[in-house]
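Being a predicted model, the structure only gives us computed values, none of them experimental. Order of appearance sets the numbers: ligands from 1, and atoms from 1 within every ligand.
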Amino acid sequence: EEVQLMKETAAKLREKVDVLLVCGIGGSYLGARAAIEAINGLYSDDKVEIIYVGNTFSSNYIHQVAKYIEDKDFAINVISKSGTTTETSISFRIFKEMCEKKYGKEGARERIVATTDREKGALKKLATDEGYVTFVVPDDIGGRYSVLTAVGLFPIAMAGIDIDEMLKGAKDAMVKYNDANIETNDAYRYGVARQLLNKAGYSAEMFVTYELQLNNVAEWWKQLYGESEGKENKGILPHSAVFSTDLHSLGQFIQEGSKVLYETIFEVKNPQNDMIIPSDPDDLDGLNYLAGKSVDYVNKRACEGTIDAHVNTGNVPNIIISLDKMDAYGFGYMVYFFEMSCAMSVYFLGVNPFNQPGVEVYKKNMFKLLGKPGY
Ligand code: PA5
């Protein structure tokens with residue numbers, strides 16, 4: 001029923017607006033951003049532009065977004081499980097006021113959707129009082145595991161992506177990885193491999209993709225693993241790079257620097273788009289040997305050559321994880337794979353993958369400095 005309501009609400013709002021502001025931070029936005037950019041690309045021609053706010057205290061950024069949307073028709077999806085996250089609350093207050101000034105109270109009500117706890121928190125109360133359409137963050141799902149709930153699915157639907165297909169991908173992965181055999185379950189094999197590397201002295205994992213539009217998949221993955229594992233003075237530092245771009249900055253360190261890291265190559269076999277390298281009669285750049293080949297062909301050879309260089313010459317262990325295609329189905333499948341593998345891997349380390357006690361420390365200091373009552 002909730003998925004149906006998400007689809008209906010998204011279809012109606014998509015008719016109305018040019019821009020959706022997704023207002024959330026950490027687990028309340030990274031999964032949606034990962035999906036939307038991975039599937040639609042970085043310069044999407046979808047009719048609704050998605051802009052992320054509520055993830056920073058940067059006055060420059062918030063000001064620029066406010067200017068940018070001034071003359072555009074916009075809606076807001078505010079997402080916060082606790083309903084009290086300061087970054088999200090400040091941005092929401094600013095953009096809600098802007099929305100009400102532009103469309104009036106009633107118009108704003110039609111353009112604001114809240115995703116929050118079933119009953120607790122300031123956002124829940126505000127959403128009920130204002131009469132916003134509200135989606136629920138399930139009690140037993142933490143932020144970094146929540147992309148396949150309304151937290152991720154509603155903004156993903158607003159970006160014109162088929163959320164039924166995404167859930168189908170996740171469901172098929174759930175069936176596939178419901179297998180206790182460590183020899184055949186790839187999610188478990190990945191989880192175990194990373195802990196064996198950790199025991200062998202590798203304290204950092206570099207998640208590598210060869211697609212710029214997967215950068216936020218890496219950001220989502222970093223939160224998933226970092227926040228699940230980094231406690232009790234244990235855990236592997238999650239790091240990421242986009243190759244070949246970052247080979248021109250980090251490549252030297254990986255090849256010949258201190259042996260602290262291993263790489264996890266997340267390879268997508270078939271790109272959504274490809275281009276043929278043209279022939280040039282003068283061949284002044286000497287590239288005619290590639291004329292008629294596709295850019296993705298070159299990307300794949302760069303990947304093969306780099307794996308060989310890092311593994312066989314640089315002695316950097318590599319784990320390779322492949323996905324056929326990054327579409328809605330593939331994204332859902334990938335999410336389930338990494339979430340299951342993460343929980344398994346972290347349990348293997350003897351740590352609880354589902355809490356995050358350490359993230360409160362900076363907030364207490366900040367609230368004290370800001371003079372928040374009670375701190
Ligand atoms: O995974 C987590 O718990 C965090 O990243 C939270 O998602 C993030 O801090 C936002 O919290 P909330 O959804 O309560 O605003």
Side-chain angles (χ1 to χ4, degrees), residues 2 6 21-36 52-58 61-62 76-96 112-128 132 134-156 207 216-232 235 237-238 240 335-336 338-343 345-346 351-367 370 372:
E2 184 140 21
M6 282 181 228
L21 298 180
V22 172
C23 187
I25 193 167
S28 286
Y29 96 108
L30 280 170
R33 185 170 195 168
I36 293 165
Y52 303 90
V53 295
N55 56 352
T56 180
F57 291 127
S58 161
Y61 180 75
I62 299 168
I76 309 172
N77 179 202
V78 54
I79 309 166
S80 177
K81 182 171 180 173
S82 62
T84 55
T85 301
T86 318
E87 288 88 341
T88 306
S89 304
I90 289 178
S91 279
F92 183 56
R93 186 180 273 215
I94 291 170
F95 290 108
K96 173 179 181 278
I112 297 176
V113 173
T115 307
T116 190
D117 189 83
R118 193 180 307 276
E119 51 193 25
K120 294 188 301 284
L123 179 58
K124 173 63 194 167
K125 183 171 175 341
L126 188 154
T128 309
Y132 300 150
T134 304
F135 296 115
V136 172
V137 188
D139 287 343
D140 55 350
I141 300 185
R144 61 191 174 278
Y145 293 91
S146 70
V147 53
L148 297 177
T149 71
V151 170
L153 293 177
F154 179 69
I156 292 169
F207 183 89
N216 273 296
V217 170
E219 295 303 314
W220 168 82
W221 174 93
K222 280 195 274 193
Q223 189 200 354
L224 180 63
Y225 281 80
E227 215 171 64
S228 297
E229 189 171 59
K231 41 200 98 146
E232 301 170 27
L237 173 72
S240 70
V335 163
Y336 193 89
F338 280 126
E339 287 186 357
M340 186 184 198
S341 178
C342 177
S345 195
V346 174
V351 165
N352 177 357
F354 300 114
N355 64 3
Q356 56 285 331
V359 298
E360 297 306 318
V361 184
Y362 94 91
K363 292 184 194 167
K364 282 194 186 133
N365 293 345
M366 180 182 73
F367 290 148
L370 288 170
K372 184 173 177 173

- Query: Who's the nearest protein heavy-atom neighbour of atom 7 (O) of ligand 1, and how far?
  - Reply: Gly27 N, 3.1 Å
- Enumerate the atoms of ligand 1 whose separation from the nearest heavy atom of Ser82 is less than 4.0 angstrom. 12 (P), 14 (O), 15 (O)
- Under 4.0 Å from any heavy atom of Ser80, which atoms of ligand 1 are there? 12 (P), 13 (O), 14 (O), 15 (O)
- Between Glu360, Gln223, Gln356, Arg144, which one has a non-hydrogen atom sitting closest to atom 4 (C) of ligand 1? Gln223
- Query: For Thr88, is at least one N or O under 3.5 Å away from an N or O on ligand 1?
  - Reply: no
- Message: Students often mix this up, so state it plainly: with edges at 30° and 60°, are the rings of Phe354 and Tyr145 parallel, tilted or perpendicular?
- Response: tilted
- Counting heavy atoms only, which of Glu227, Lys81, Lys363 comes nearest to atom 3 (O) of ligand 1? Glu227
- Task: Test Ser80 against every option in Val151, Thr85, Val137 by the side chain to side chain contact (heavy atoms under 4.5 Å, CB included) rule and name the one that passes.
- Result: Thr85
- Take atom NZ in Lys363; do more than 12 heavy atoms of anything else shown fall under 6.0 Å from it? yes
- Query: Taking the side chain from Glu2 and the backbone from Val136, do they hold a donor-acceptor pair closer than 3.5 Å?
  - Reply: yes
- Note on the structure: Numbered in order shown, the ligand 1 atoms found under 4.0 Å of a heavy atom of Ile25 are 7 (O), 8 (C), 10 (C)
- Check whether any side-chain heavy atom of Pro238 lies under 4.5 Å from a side-chain heavy atom of Trp221, and answer yes or no. yes
- Query: For atom 11 (O) of ligand 1, which protein heavy atom lies nearest, and how many Å away is it?
  - Reply: Thr85 OG1, 3.5 Å
- Item | Sidechain-backbone polar pair: Thr134 side chain, Tyr132 backbone, donor-acceptor under 3.5 Å | yes
- Within a strict 4.5 Å, meaning less than it, do heavy atoms of the Tyr52 and Pro155 side chains meet? no
- Item | Those atoms of ligand 1 less than 4.0 Å from some heavy atom in Gly26 | 5 (O)
- Query: For ligand 1, is there an N or O atom under 3.5 Å from any N or O atom of Ile79?
  - Reply: no
